[in-house]
Amino acid sequence: MNAERHTTHQKIALITGANKGIGRGAAEQLAALGMTVLVGARDPRRGEEAAAALRAAGGEAHAVTLDVTDPGSVAETAKQVAERFGHLDVLINNAGITGSGQVSPEDAFDQLPSTVDLDMVRAVFETNVFGVIAVTNAMLPLLRRSPAARIVNVSSHAASLTLSSDPDGPFAALLPSAAYSPSKSALTALTVQYANELRKDGILVNAVAPGYVDTDSNNHTGFLTVAQGAAVLVRLATLGADGPTAGFFGEEGPLPW
């Protein structure tokens, strides 16, 4: 593959956790816009199946075996992207876990703060927070080679302390969460810090809340389609030079912290 051609003409996007759900939805939309999409997935077979489906639909896509909690896997992915494409234009940190498996939020009793298992909290933060730091830092040298790099961190409305603390608000009926929700709050905080550091380099960094999307992670209790949830990721991944940075957005616009 001609790396020079890609450097000059082709935008490259890496999406973690892109073999299904919102990540895959974003991959489909970015491929349709003409980007070369790197489908990050822990399972090589699932990643290749997703990439093959994108190619069958007319997109340019490649599977990348990536476990965001494995430093060796992260380093190997950065090496592969550097060798094959020479740069990266878009990084969407989408890989995430709830910690509770495939249950609807109102059934996630194992997230209750007073009885939560600390090992579960550590595991959630390992993927949802530390994994984002690991992948972002590994990809930054490649993102710096892009004239208009964009980083999108996939958070959640549950990350909003303003919304979560309102006893009459939309989250009042949900069970308190000591793992997933705080991990996403940490991710939005982290997003602001990266945005502040990278602002001078023209790299825009934002957090997004896709909304309550019908996916495995909530046992398909969500009411938004994957395409609807992915749209805000794509919008933030394709911002112009005058676009926002250090923001937290849902499809409805800016969200309260």
Side-chain angles (χ1 to χ4, degrees), residues 14-27 38-47 49-50 63-74 77 91-113 115-139 151-160 164 171 174-191 207-222 224 226 229-230 232-233 248:
L14 170 63
I15 306 174
T16 66
N19 59 289
K20 65 177 183 177
I22 295 163
R24 182 161 175 170
L38 308 181
V39 178
R42 284 181 301 180
D43 183 317
R45 184 181 57 80
R46 288 179 177 165
E49 285 173 356
V64 177
T65 303
L66 174 57
D67 179 346
V68 303
T69 67
D70 179 348
S73 172
V74 173
T77 296
L91 171 62
I92 299 182
N93 288 305
N94 168 74
I97 61 171
T98 65
S100 299
Q102 295 186 31
V103 299
S104 53
E106 59 266 28
D107 294 327
F109 290 97
D110 57 353
Q111 298 267 337
L112 284 170
T115 51
V116 74
D117 178 356
L118 262 181
D119 284 339
M120 188 254 263
V121 179
R122 290 189 181 99
V124 171
F125 271 72
E126 197 65 53
T127 294
N128 296 4
V129 182
F130 308 142
V132 171
I133 296 174
V135 172
T136 301
N137 290 355
M139 299 303 159
I151 300 173
V152 180
N153 294 331
V154 180
S155 186
S156 165
H157 286 80
S160 168
S164 298
F171 292 97
L174 297 184
L175 288 170
S177 161
Y180 178 76
S181 295
S183 79
K184 292 300 188 179
S185 298
L187 180 59
T188 56
L190 191 64
T191 300
V208 302
Y212 198 32
V213 179
D214 179 355
T215 64
D216 283 352
S217 65
N218 56 41
N219 202 28
H220 298 279
T221 54
L224 296 175
V226 164
V232 65
L233 278 65
F248 181 25

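Please read all numbers here as calculations on a predicted model, not as lab measurements. Because only heavy atoms are used, hydrogens play no part in the values below, and waters and symmetry mates are left out as well, while side chains stay in.
The shortest side-chain heavy-atom distance between F109 and L175 falls under the 4.5 Å cut-off. Side chains of L190 and N153 form no contact here, defined as non-hydrogen atoms less than 4.5 Å apart. Residues F171 and S160 are not in side-chain contact: their nearest non-hydrogen atoms beyond the backbone lie 4.5 Å or more apart. Using a 4.5 Å heavy-atom cutoff, the side chains of L66 and V74 are in contact.
Panel note: side chain T16, backbone N93; no donor-acceptor pair is recorded below 3.5 Å. Side chain of S156 to backbone of A209: no donor-acceptor contact under 3.5 angstrom is found. Listed for the S177 side chain is a donor-acceptor partner under 3.5 Å among the backbone atoms of Y180. For the pair N19 (side chain) and R24 (backbone), a donor-acceptor distance under 3.5 Å is absent. Between the side chain of Q111 and the main chain of T98, a donor-acceptor pair closer than 3.5 Å is present.
Using a 4.0 Å cut-off between a side-chain N of Lys or Arg and a carboxylate O of Asp or Glu, E49 and R45 qualify as a salt bridge.
The heavy-atom pair separating A123 from I97 by the smallest distance is O-CD1, 3.6 Å. Across all their heavy atoms, L233 and A26 have their closest contact at CD2-CB, 4.0 Å. Considering all non-hydrogen atoms of both residues, G17 and A95 come closest at N-CB, 3.9 Å. For M120 against D110, the heavy-atom pair with the smallest separation is CE-O, 3.2 Å. For the residue pair A230 and G25, the shortest heavy atom distance occurs at CB-C, 3.5 Å. For the pair V154 and K184, the tightest heavy-atom approach, listed with the atom from each and the gap, is O-NZ, 2.8 Å.
Shown are V121, T127, N128; of these, the side-chain contact (heavy atoms from CB on, under 4.5 Å) with V124 is made only by N128.
For the atom pair I22 CD1 and I92 CD1, the distance stands at 11.0 Å (nearest 0.5 Å).
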